[in-house]
Amino acid sequence: MSQSIRCAVIGASGYTGVELAALIARHPQLELGKVYVSAASVDGGKQLSHLHGRFLGLLDLPITPLTDDELAVVGEQHNLVFLATEHQVSTQLAPTLLAQGAVVMDLSGGFRFVDADIYPKYYGFEHEQPELLKQAVYGLAEWNAEAIKTADLVAVPGCYPTASLSALKPLQQAGLLDAVQYPVINAVSGVSGAGRKASMVNNFCEVSLHPYGVLGHRHQPEISDQLGREVIFTPHLGNFPRGIVATITVKLAQGVTAEQVSAAYHSAYDGSACVRLYDGMGGQTPSIKNVANTCHVDVGWKVDETTGHAVLVAAEDNLLKGAAGQAIQCANIRFGLADFPFATGAAL
Ligand SMILES: NC(=O)C1=CN([C@@H]2O[C@H](COP(=O)(O)OP(=O)(O)OC[C@H]3O[C@@H](n4cnc5c(N)ncnc54)[C@H](OP(=O)(O)O)[C@@H]3O)[C@@H](O)[C@H]2O)C=CC1
Ligand SMILES: CC(=O)N[C@@H](CCC(=O)OP(=O)(O)O)C(=O)O
């Protein structure tokens with residue numbers, strides 16, 4: 001092994017945290033150091049694989065409570081710290097870790113906007129680190145690699161924004177979208193998107209198939225900000241554990257052909273380890289079955305040249321390409337590592 005980067009995961013007992021720990025444990029150039037929960041967590045001291053039996057034999061290590069004494073040294077003991085914590089918790093932890101010299105990959109929305117005014121409106125708290133908002137780099141791996149290479153703080157995108165932007169950005173960047181009509185995004189997520197803690201949202205008897213956050217979900221400004229134009233975004237909760245499908249209707253600019261749309265996608269993604277294309281969606285459409293437990297985002301499209309509309313579909317695993325997998329992609333880019341463990345396309 002030529003280089004080993006020692007990693008910590010804060011929030012490791014959660015759904016994205018444990019996926020991160022597993023990806024790090026199997027990565028040839030990353031070393032899994034300590035895994036943390038909050039200081040008073042009921043899970044402090046337990047073995048991580050006892051909480052998540054899927055990883056027995058791989059993650060047989062104790063979970064450390066993040067006490068003040070631990071926090072005082074995390075960023076000194078690790079080169080890279082992943083924050084798989086709630087938004088405001090991430091904003092409170094990141095400054096300390098950065099000051100200790102660690103690179104920080106934050107999976108929350110705590111650093112995804114430059115504009116601090118977004119936070120009271122969409123996240124319910126005042127942001128206390130406006131300087132760090134300017135420093136953070138948005139970690140949409142296929143689109144921001146140059147900036148990620150030198151970033152000390154990476155804001156890993158939300159799950160819905162990753163799916164939506166992966167489908168929309170090639171067309172927006174190539175100038176193929178109508179300038180007036182908003183793209184309309186309807187997306188369905190599995191329940192793990194809401195995290196591991198019990199709540200009415202993820203209660204088995206309450207989960208159905210329904211929209212939520214209509215015209216007010218925090219991912220709407222995130223998608224708009226990163227796309228450079230307004231969108232209409234409606235998330236839905238589905239009664240399955242993991243995965244997202246986003247179906248997006250767009251109006252194309254005058255005279256745009258199916259061939260131009262196809263060329264834009266191939267130009268953006270050919271050779272990419274994590275994006276797979278379903279050109280024209282002739283045989284099959286992207287589906288959760290095809291992406292669950294992988295770091296792929298599958299993108300398909302079909303163009304109606306008569307009406308000038310296109311329907312785009314993106315499918316991903318919300319915990320992997322939508323969170324932990326993309327964080328590892330960013331780590332690979334930041335530290336100049338190979339595409340492991342994604343290049344093989346195998347289930348993770
Ligand atoms: N789930 C998903 O699909 C996605 C989630 N995200 C984002 O990633 C982050 C994590 O999400 P998810 O894994 O679903 O969340 P979970 O609720 O499943 O896990 C949260 C983790 O944080 C720990 N934690 C809570 N408070 C603290 C604290 N003060 N210090 C240290 N650890 C703490 C929890 O353990 P304990 O409470 O026992 O301390 C738990 O380990 C969130 O910001 C979420 O918005 C992003 C993209 C997709
Ligand atoms: C099903 C479900 O509840 N999904 C979450 C999104 C998860 C995600 O991407 O998290 P960020 O908060 O990090 O953006 C939601 O709608 O709030």
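Remember, predicted model here, so these are calculated numbers, not experimental data. Hydrogens, waters and symmetry mates play no part in the numbers below; they use all other heavy atoms, side chains included.
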*Before giving the answer on side-chain contact (heavy atoms from CB on, under 4.5 Å), spell out for Val191 and Phe204 the whole-Å C-alpha distance, their side-chain angles and the decisive distance to 0.1 Å.*
CA-CA 9 Å; Val191 186; Phe204 179 78; over 6 Å; no

*asked:* Please check this pair: side chain of Asp298 against backbone of Ser287, looking for a donor-acceptor N/O pair closer than 3.5 Å.
replied: no

*Separation of Phe55 CZ from Gln47 CD (nearest 0.5 Å)*: 14.0 Å

*Among side-chain atoms of Asp69 and Thr67, is any donor-acceptor pair under 3.5 angstrom?*
no

_Check: Tyr160 main-chain N/O paired with Ser164 side-chain donor or acceptor under 3.5 Å_ = yes

*Look only at the side chain of His87 and the backbone of Gly109, and say whether a donor-acceptor pair between them is shorter than 3.5 Å.*
yes

*How are the rings of Tyr119 and Phe125 set relative to one another: parallel (under 30°), tilted (30 to 60°) or perpendicular (over 60°)?*
tilted

*Got Leu177 and Arg229 here, is their nearest side-chain heavy-atom distance under 4.5 Å?*
yes

*Would a 4.5 Å heavy-atom cut-off, applied to side chains only, mark His266 and Pro170 as touching?*
no

*Can you measure from CG (Leu312) to OH (Tyr265) and round to the nearest 0.5 angstrom?*
4.0 Å

*Going only through I, L, V, M, F, W and Y residues with side-chain contacts under 4.5 Å, is there a path from Phe113 to Leu98?*
yes

*Under 3.5 Å, is there a donor-acceptor pair linking the side chains of Ser189 and Asn318?*
no

*Give a yes or no on whether the backbone of Leu71 and the side-chain of Gln100 come within a donor-acceptor separation of less than 3.5 Å.*
yes

*Report the residues that fulfil side chain to side chain donor-acceptor pair (under 3.5 Å) with Ser262, sequence neighbours left out, ordered by chain and then residue number.*
Asp279

*Say whether His210 and Ser208, considering side chains only, have a donor N or O and an acceptor N or O under 3.5 Å apart.*
no

*asked:* Is any side-chain heavy atom of Gln172 closer than 4.5 Å to one of Gln226?
replied: no

_Run the side-chain contact (heavy atoms from CB on, under 4.5 Å) test on Val74 and Leu93 for me, step by step, so that the C-alpha distance in whole Å, both residues' side-chain angles and the decisive distance to 0.1 Å come before the verdict._
CA-CA 10 Å; Val74 179; Leu93 294 175; over 6 Å; no

*Evaluation steps, side-chain contact (heavy atoms from CB on, under 4.5 Å), between Val37 and Lys46*: CA-CA 10 Å; Val37 286; Lys46 292 181 186 167; over 6 Å; no

_Validation row: Gln29, Phe335 side chains within 4.5 angstrom (heavy atoms)_ = no

*asked:* Any heavy-atom pair between the side chains of Val297 and Val291 that's under 4.5 Å?
replied: no

_Closest contact, heavy atoms only, Lys321 versus Cys295_ = CB-O, 3.4 Å

*Give a yes or no on whether Leu59 and Leu56 share a hydrophobic cluster (residues Ile, Leu, Val, Met, Phe, Trp, Tyr; joining criterion: side-chain heavy atoms under 4.5 Å apart).*
no

*asked:* A quick test of your reading: do over 12 heavy atoms of other residues, nucleotides or ligands sit less than 6.0 Å from CD of Gln254?
replied: no

_From Ile328, Leu23, Ile10, Val154, residue fulfilling side-chain contact (heavy atoms from CB on, under 4.5 Å) relative to Phe82_ = Ile328

*Would you say the side chain of Thr285 lies within less than 4.5 Å of the side chain of Tyr278, judging by non-hydrogen atoms?*
no

*How far apart are the C-alpha atoms of Tyr123 and Arg218, what are their side-chain angles, what is the distance that settles it, and do they pass the side-chain contact (heavy atoms from CB on, under 4.5 Å) test?*
CA-CA 7 Å; Tyr123 286 80; Arg218 66 187 181 286; 3.4 Å; yes

_Using every non-hydrogen atom in the two residues, find where Ser166 and Tyr269 come nearest and quote the distance to one decimal._
O-OH, 2.6 Å

*State the CG-CZ distance between Leu30 and Arg6, to the nearest 0.5 angstrom.*
12.5 Å

_Exam field: side chain Asp225 to backbone Glu222, donor-acceptor pair closer than 3.5 Å_ = no

*Assess whether atom CG of Asp270 is packed by more than 12 heavy atoms of other residues, nucleotides or ligands within 6.0 Å.*
yes

*asked:* Looking at Lys302, I'd like to know if its NZ atom is crowded, meaning that more than 12 non-hydrogen atoms belonging to other residues, nucleotides or ligands lie closer than 6.0 Å.
replied: no

_Joint cluster assignment, Leu133 & Val103, ILVMFWY side-chain distance < 4.5 Å_ = no

_side chain to side chain donor-acceptor pair (under 3.5 Å) partners for Asp178, two or more places apart_ = none

_Membership question, hydrophobic clusters at under 4.5 Å side-chain separation (ILVMFWY): are Val184 and Leu168 in the same one?_
no

*asked:* Side chains of Gln129 and Gln135, heavy atoms from C-beta outward: is any pair under 4.5 Å?
replied: no

*Using atom types as modelled and distance alone, determine if a side-chain donor or acceptor of Asn79 lies under 3.5 Å from a backbone N or O of Ile5.*
no

*Indicate whether any N or O donor in one side chain lies under 3.5 Å from an N or O acceptor in the other, for Glu70 and Tyr36.*
yes

_Least distance between heavy atoms, Gln92 atom then Pro95 atom_ = O-CD, 3.6 Å

*Is there a donor-acceptor pair under 3.5 Å between the side chain of Gln326 and the backbone N or O of Ala141?*
yes

_Distance check, rounded to the nearest 0.5 Å: His296 atom NE2 versus Ser272 atom OG?_
8.0 Å

*Return yes when atom CD of Glu305 has more than 12 non-hydrogen atoms of other residues, nucleotides or ligands closer than 6.0 Å, and no otherwise.*
yes

_Measuring from atom CD of Glu316 to atom OG1 of Thr162, what distance do you get when rounded to the nearest 0.5 angstrom?_
5.5 Å

*List the atom of Asp117, the atom of Asp115, and the distance in Å for their closest heavy-atom pair.*
N-OD1, 2.9 Å

*Considering only heavy atoms from C-beta outward, does the side chain of Leu51 approach that of Asp43 to under 4.5 Å?*
yes

*Verify the neighbour count for atom CG of Leu209: are there more than 12 heavy atoms of other residues, nucleotides or ligands below 6.0 Å?*
yes

*Answer yes or no: does atom OH of Tyr182 have more than 12 heavy-atom neighbours from other residues, nucleotides or ligands under 6.0 Å?*
no

When the side chains of residues 230-245 are checked against the rest of the protein, which donor-acceptor pairs come out under 3.5 Å, sequence neighbours left out?
unit_1	atom_1	unit_2	atom_2	d
Glu230	OE1	Gln220	NE2	3.3
His236	ND1	Ala187	O	3.1
His236	ND1	Thr234	O	3.2
Arg242	NE	Asp317	OD1	3.4
Arg242	NE	Asp317	OD2	2.8
Arg242	NH1	Glu19	OE2	3.1
Arg242	NH1	Asn293	OD1	3.4
Arg242	NH2	Glu19	OE2	3.2
Arg242	NH2	Asp317	OD2	3.0

*Compare every heavy atom of Ile223 with every heavy atom of Pro161, then report the nearest pair and how far apart it is.*
CA-CG1, 3.8 Å

*Donor-acceptor contact below 3.5 Å, side chain His78 vs main chain Lys34*: yes

*Please round to the nearest 0.5 Å and tell me the distance separating atom OG of Ser224 and atom CD1 of Ile185.*
7.5 Å

*Find out if a path of hydrophobic residues (ILVMFWY) with successive side-chain heavy-atom gaps under 4.5 Å connects Leu320 to Val18.*
yes

_Shortest non-hydrogen separation from Asn332 to His27 and the atoms involved_ = OD1-NE2, 2.8 Å

*With side chain to side chain donor-acceptor pair (under 3.5 Å) as the test, would you mind laying out the steps for Asp60 and Ser49 before giving the verdict?*
CA-CA 5 Å; Asp60 303 336; Ser49 60; 2.5 Å; yes

